[in-house]
Amino acid sequence: MEFFLDTADVDEIREIAAWGILDGVTTNPSLIKNSGRDFKEVVREIAGICSGPISAEVTAMDTEGMIAQGLALKASLPDNVIIKIPCTAEGLAATKVLNERGIDTNVTLVFSAAQALMAAKAGATYVSPFIGRIDDTGHDGMNLIAEIMEVWASYEISTKVLAASIRHPTHVLQCIQLGVHTATMPAKIFRQLMKHPLTDKGLEGFMKDWEAVEAAGNA
Ligand code: E4P
């Protein structure tokens, strides 16, 4: 399973990349805004920190505009940058054209299994269903992931399911159990997934006993 960071904060990306298990990064216009930095400059820096796919989102609403932006981003940014496209009819058409030109895409803002399947048919490299935003409406976002994985099990689909809008570690664990290909999450969730009080307690005990071994001259 691939683990992506969902941020445009290069300090966080450096921190998690140093763990050696970071597979990619997703950004969106809101995350770029939060970074306070120039879009292309920050995406270029991110692509230099993490060699996996880095999603950069188009902002045009029409197919021709999305294609033009996608091509321009591919031409001016490092090779590992992929093009993030909203799941609209215009976005599907742009995804199809970019796919035919050999450009990897991430179709975002997916809220139904039908949308996910249509994005896959258009040739998306990744489809991004949003879990947390469904939870926010009072429904269970994990049901969407389960539905999509059920559809994926029935057909030969090469598009990867990229679980997005992840709000807590349990979302990630449930995605793992469902066989989701990729999860993108904030740095806070990476840290929460790694931390366990029994690991800390166990390590403290080992270190204390090792001091005794050293003090006895047996190290
Ligand atoms: C995915 O690519 C999106 O950037 C992200 O997961 C959105 O998450 P949010 O609902 O927390 O904004």
Side-chain angles (χ1 to χ4, degrees), residues 1-10 12-13 16-17 22-37 39-40 42-43 45-47 49-50 52-60 66 69-70 73 77 80-88 91-92 94-95 98 103-113 115-116 119-120 122 124-145 148-149 159-176 178 180-193:
M1 184 180 182
E2 294 176 317
F3 279 6
F4 286 8
L5 252 176
D6 195 29
T7 184
D9 180 327
V10 292
E12 286 183 340
I13 297 167
I16 305 299
L22 182 62
D23 298 305
V25 177
T26 50
T27 70
N28 63 40
S30 306
L31 294 170
I32 297 294
K33 177 185 160 226
N34 294 346
S35 78
R37 296 186 52 188
F39 173 41
K40 284 190 184 170
V42 75
V43 170
E45 188 171 341
I46 293 168
I49 300 168
C50 175
I54 312 301
S55 293
E57 189 158 342
V58 297
T59 50
M66 288 183 199
Q69 280 185 356
L73 289 170
L77 290 170
N80 56 328
V81 171
I82 70 169
I83 306 305
K84 201 173 185 185
I85 298 180
C87 192
T88 58
L92 284 191
T95 300
L98 291 176
I103 294 173
D104 286 348
T105 53
N106 171 4
V107 174
T108 189
L109 290 166
V110 168
F111 291 94
S112 76
Q115 283 183 316
T125 314
Y126 291 92
V127 289
S128 291
F130 278 38
I131 303 171
R133 292 194 192 191
I134 292 180
D135 289 354
D136 293 344
T137 67
H139 297 273
D140 186 353
M142 285 312 304
N143 287 342
L144 169 60
I145 304 297
I148 292 174
M149 294 315 291
T159 302
K160 291 181 181 176
V161 177
L162 195 175
S165 188
I166 285 176
R167 299 282 160 77
H168 49 75
T170 307
H171 276 156
V172 182
L173 295 178
Q174 289 172 321
C175 284
I176 292 169
L178 288 167
V180 165
H181 309 96
T182 312
T184 189
M185 56 198 139
K188 178 184 160 198
I189 293 177
F190 269 86
R191 296 185 200 108
Q192 287 174 325
L193 285 169

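Along the sequence shown, the residues carry numbers beginning at 1. Order of appearance sets the numbers: ligands from 1, and atoms from 1 within every ligand.
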Report the nearest protein non-hydrogen atom to [atom]: residue, atom name, distance rounded to 0.1 Å.
| atom | value |
| --- | --- |
| atom 7 (C) of ligand 1 | F130 CE2, 3.5 Å |
| atom 5 (C) of ligand 1 | D6 OD2, 2.8 Å |
| atom 4 (O) of ligand 1 | N28 ND2, 2.7 Å |

- Using the side chain to side chain contact (heavy atoms under 4.5 Å, CB included) rule, pick out the option among V127, V110, T88 that qualifies with Q115. V110
- Message: By the definition side chain to side chain contact (heavy atoms under 4.5 Å, CB included), identify the one residue from I103, I83, N106, V107 that meets it with T95.
- Response: V107
- Query: Evaluating non-hydrogen atoms only, which member of R133, E57, R167, K84 is closest to atom 11 (O) of ligand 1?
  - Reply: R167
- Message: Quiz question: by atom type and distance under 3.5 Å, do the side chains of S128 and T108 form a donor-acceptor pair?
- Response: no
- Ignoring angles and geometry beyond distance, decide whether T108 reaches within less than 3.5 Å of ligand 1 through its nitrogen or oxygen atoms. no
- In ligand 1, which numbered atoms sit nearer than 4.0 Å to a non-hydrogen atom of T26?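 Every atom of ligand 1 under 4.0 Å from some heavy atom of T26: 2 (O).
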- Which ligand 1 atoms does A164 reach within 4.0 Å, using its non-hydrogen atoms? 1 (C), 6 (O)
- Which heavy-atom pair separates P129 from L144 by the least distance, and what is that distance? CB-CD2, 3.8 Å
- Task: Report the part of S165 in contact with ligand 1, treating N, CA, C, O as backbone and CB onward as side chain, heavy atoms under 4.0 Å; options are side chain, backbone, both, neither.
- Result: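 The answer is both, backbone and side chain.
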- Item | E2 bridged to K160 by N-O distance under 4.0 Å |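 Judged by the 4.0 Å cut-off on N to carboxylate O distance, E2 and K160 do form a salt bridge.
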- Q69 vs T59, side-chain hydrogen bond (donor to acceptor under 3.5 Å, both in side chains): CA-CA, chis, key distance, verdict: CA-CA 8 Å; Q69 280 185 356; T59 50; 3.2 Å; yes
